Amino acid sequence: FETAFRGVKRAWYVEYETGSDSPARVVAKKHKGLAGLSSIYNRHFPEATEFRVIFFCPSDGWRDALRNEFKGKGCAEFCVFFSTPKVKPDTFLHESLLYTVDRGPLPFLPKPT
């Protein structure tokens with residue numbers, strides 16, 4: 001999906017992790033492909049100026065382990081992480097649930113004034 005906020009059009013890709021594999025194996029399998037998106041995301045979203053990949057993770061611990069595994073990978077800057085059990089329709093956009101590799105918790109979007 002694509003969002004537009006404060007003049008930035010961003011493409012979003014979604015990865016839903018079930019915990020059936022270890023965070024280390026997930027990163028080993030996916031990091032090169034995610035890095036490759038930086039040169040082709042405009043094929044899917046022609047108006048986007050940047051992209052991110054959202055990882056929905058089965059728990060806080062799994063999310064944090066995945067974040068740690070992505071550190072130092074070339075695609076880490078494109079990745080954001082949620083703990084799926086905490087995501088609800090009324091919390092997703094404005095509550096501080098999102099993490100990057102180095103930061104968090106942050107809101108997906110700031111609360112409207």
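Note that the structure is a prediction, hence the values are computed from the model and not measured.
- Tyr41 is not connected to Val14 by any chain of hydrophobic side-chain contacts under 4.5 Å among Ile, Leu, Val, Met, Phe, Trp and Tyr, and they are in different clusters.
- Using a distance-only test at 3.5 Å, with no hydrogens or angles considered, a donor-acceptor pair links the side chain of Ser22 to the main chain of Arg25.
- By the rule that hydrophobic residues join a cluster once side-chain heavy atoms approach within less than 4.5 Å of another member, Val53 and Phe1 end up as members of separate clusters.
- When every heavy atom of Glu69 is checked against every heavy atom of Val27, the shortest pair comes out as CB-CG2, 3.5 Å.
- Using a 4.5 Å cut-off on side-chain heavy atoms (C-beta onward), Pro58 and Glu17 make contact.
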For Phe78 and Tyr13, what are the C-alpha separation, side-chain angles and deciding distance, and is it a ring-ring contact (aromatic ring centres under 6.0 Å, His included)?
-> CA-CA 10 Å; Phe78 307 123; Tyr13 296 89; over 10 Å; no

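- Between Cys75 and His31 the shortest heavy-atom distance is SG-O, 3.6 Å.
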Verdict with reasoning, Phe108 to Trp12, per ring-ring contact (aromatic ring centres under 6.0 Å, His included) | CA-CA 12 Å; Phe108 188 76; Trp12 293 91; 4.8 Å; yes

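- Hydrophobic cluster membership is shared by Tyr16 and Phe92, with clusters built from Ile, Leu, Val, Met, Phe, Trp and Tyr side chains linked at under 4.5 angstrom.
- Considering every non-hydrogen atom in both His94 and Leu109, the closest pair reads ND1-O, 3.3 Å.
- Checked by atom type and distance alone, the side chain of Ser96 never pairs as donor or acceptor with a backbone atom of Leu106 at under 3.5 Å.
- Using a 4.5 Å cut-off between side-chain heavy atoms of Ile, Leu, Val, Met, Phe, Trp and Tyr, with links allowed through other members, Phe82 and Phe55 fall into different hydrophobic clusters.
- Note on Lys29 versus Asp21: salt bridge recorded, some NZ/NE/NH1/NH2 to OD/OE distance being below 4.0 Å.
- For the pair Gly19 and Trp62, the tightest heavy-atom approach, listed with the atom from each and the gap, is CA-NE1, 3.7 Å.
- Taking both residues in full, the closest heavy atoms of Ala35 and Ser38 are given as O-OG, 2.8 Å, listed atom of the first, atom of the second, then distance.
- A salt bridge does not link Arg10 with Glu2: none of the charged nitrogens is closer than 4.0 Å to a carboxylate oxygen.
- Between Val101 and Lys71, the shortest heavy-atom distance links the atoms CG1-CG, 3.0 Å.
- Side-chain heavy atoms closer than 4.5 Å link hydrophobic residues (I, L, V, M, F, W, Y) into clusters, and following such links, even through other members, never connects Leu97 to Leu66.
- A salt bridge links Glu50 to Arg52: one of the charged nitrogens lies within less than 4.0 Å of a carboxylate oxygen.
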